[in-house]
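Read through the structure below, which is laid out as structure tokens, and then see the notes.
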Amino acid sequence: MRTRVLRAWPVFGAAVLSLGIAISAQAQDTTRTRRPTSQQRIPVTKRESRGEVDLNKMRADSIARADSLAREKMRADSIAAAEKARTDSIAAVEKARADSIAAVEKARADSIAAIERARADSIARADSIARAEQLRREQMRDRYLFNGSGWYIGVAGGRSSPMDDFNDVGYDSGFNLTLPIGWHKPNYLFGVRFDFGFDRFNGVEFSTLSNADPKVLSGTANLTMRLPLGSSRVALYGVGGGGVYYFSGMGSRSSLNALLGTDVLDANDEVGEKNKTKFGVNGGAGLEFGVGPAAIFLESRWVNVFANRKQDLTFDEFFGDRSKHIRWVPLVLGVSFR
């Protein structure tokens with residue numbers, strides 16, 4: 001029973017609501033019907049028409065001004081946009097120009113830096129080469145006896161052969177010892193040399209004369225000329241100069257003593273041992289082979305001593321027509337140290 005009452009409540013509520021709406025509508029119609037209406041017409045005057053026209057004009061002016069303001073704003077915006085675009089373009093050009101200048105400057109700086117590095121490297125290499133060359137020269141100087149200054153000293157020995165009249169009057173070949181001391185730079189054409197020599201010849205009998213073995217000490221000053229043969233270590237050289245020759249040990253009555261101007265044919269004349277000092281010249285050539293700090297040389301020279309003998313008929317009758325020169329040729333092999 002209770003359940004049925006609860007179900008009826010919604011239906012009842014809906015009916016009440018519909019009734020309330022209908023009553024309210026009827027009340028509104030009654031009020032509208034009873035409202036008094038005026039029968040008088042309000043005339044429209046020209047003044048009101050002018051106001052309407054003014055209102056329209058004001059509206060049009062407002063619209064025109066709005067349009068003008070809009071156009072001005074658009075123009076200003078356009079100018080601003082164009083100015084901004086121009087400014088941006090100028091800024092872009094300036095930036096591009098600045099970037100280009102910076103790139104060129106950087107390339108120039110890099111190029112200068114590269115050149116400076118190359119120059120520094122070149123100078124360093126040149127200094128290194130110079131230091132190496134200096135070290136090499138110092139090492140070479142240390143190897144030499146005279147530190148590569150051009151001075152040298154040597155010793156040589158060999159055969160010494162009488163020539164012409166010296167050989168014909170009873171003298172055969174002997175030996176020679178030479179001590180050369182000189183100065184000659186490797187790259188120079190000319191140099192100087194002082195030679196100290198000792199020659200000993202073998203004396204044999206000539207007619208009634210018995211010839212002893214004469215000795216000759218000599219000291220000469222010479223000029224040398226050196227010509228390298230494809231290598232600075234091998235060279236052909238010439239030597240020539242003059243000096244003094246001291247003759248000793250030849251015997252009181254010998255052919256050599258007679259050639260030097262002593263009267264050895266007068267049996268009644270007492271002839272003692274007479275040593276002779278004469279002036280002479282020499283000239284020759286040699287071949288030099290460099291071996292480390294030393295040099296081996298093979299040399300031959302022609303020696304001419306001026307006897308300055310007086311004309312003597314007795315001498316000519318006994319010895320024949322002889323020259324007033326004493327000549328011999330030494331051929332020596334030696335070594336020099338620089």
Side-chain angles (χ1 to χ4, degrees), residues 97-158 176-197 219-243 281-302 330-338:
R97 177 174 171 274
D99 292 343
S100 177
I101 292 172
V104 171
E105 189 63 27
K106 184 177 183 301
R108 176 176 169 275
D110 292 343
S111 177
I112 292 173
I115 291 172
E116 287 298 325
R117 285 195 300 271
R119 178 174 172 273
D121 293 343
S122 177
I123 292 173
R125 284 194 297 271
D127 290 343
S128 177
I129 293 171
R131 285 194 298 271
E133 180 63 18
Q134 182 180 2
L135 180 61
R136 186 188 70 82
R137 290 181 179 180
E138 290 175 356
Q139 291 174 346
M140 290 294 291
R141 285 197 300 266
D142 292 341
R143 295 174 58 194
Y144 292 113
L145 182 63
F146 296 100
N147 296 324
S149 62
W151 286 98
Y152 61 91
I153 186 171
V155 61
N176 168 275
L177 293 176
T178 301
L179 178 68
I181 299 174
W183 178 89
H184 203 142
K185 281 279 191 179
N187 297 325
Y188 284 40
L189 179 61
F190 295 103
V192 294
R193 192 176 91 180
F194 302 94
D195 289 328
F196 302 94
T220 60
N222 305 289
L223 180 69
T224 59
M225 183 175 67
R226 188 175 186 272
L227 299 173
L229 299 177
S231 169
S232 61
R233 306 296 291 170
V234 180
L236 179 67
Y237 66 91
V239 57
V281 295
N282 73 97
L287 190 62
E288 180 184 80
F289 304 88
V291 182
I296 297 174
F297 62 93
L298 179 66
E299 178 182 301
S300 180
R301 286 177 293 147
W302 175 80
L331 176 64
V332 298
L333 178 67
V335 59
S336 62
F337 303 91
R338 296 182 180 275

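Note that the structure is a prediction, hence the values are computed from the model and not measured.
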Rounded at 0.5 Å granularity, tell me how far [atom1] in [X] sits from [atom2] in [Y].
X	Y	atom1	atom2	value
Tyr152	Trp183	OH	CH2	10.5 Å
Leu287	Leu333	CG	CG	11.0 Å
Arg338	Ile153	CZ	CD1	12.5 Å
Ser336	His184	OG	NE2	12.0 Å
Ser128	Glu133	OG	CD	11.5 Å
Ile112	Glu105	CD1	CD	7.5 Å

[X] versus [Y], closest heavy-atom pair with distance:
X	Y	value
Ser300	Leu331	CB-CD1, 3.7 Å
Gly219	Phe196	CA-CD2, 4.5 Å
Val239	Ala285	CG1-N, 4.5 Å
Arg233	Val291	NH2-N, 3.3 Å

- [ ] Examine the side chains of Thr224 and Asn222 and answer whether a donor and an acceptor come within less than 3.5 Å of each other.
- [x]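 No, no side-chain donor-acceptor pair sits under 3.5 Å.
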Sub-4.5 Å side-chain heavy-atom contact between [X] and [Y]:
X	Y	value
Leu189	Leu227	yes
Leu177	Val155	no
Arg301	Asp195	yes

Task: Residues Asp110 and Lys106 bridged, charged N to O under 4.0 Å - done: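 Answer for the salt bridge query: yes.
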(request) Answer yes or no on whether Arg226 is positioned over the face of Tyr237, meaning its NZ or CZ is under 6.0 Å from the six-membered ring centre and within 45° of the axis. (result)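 Pair Arg226/Tyr237 does not count as cation-pi.
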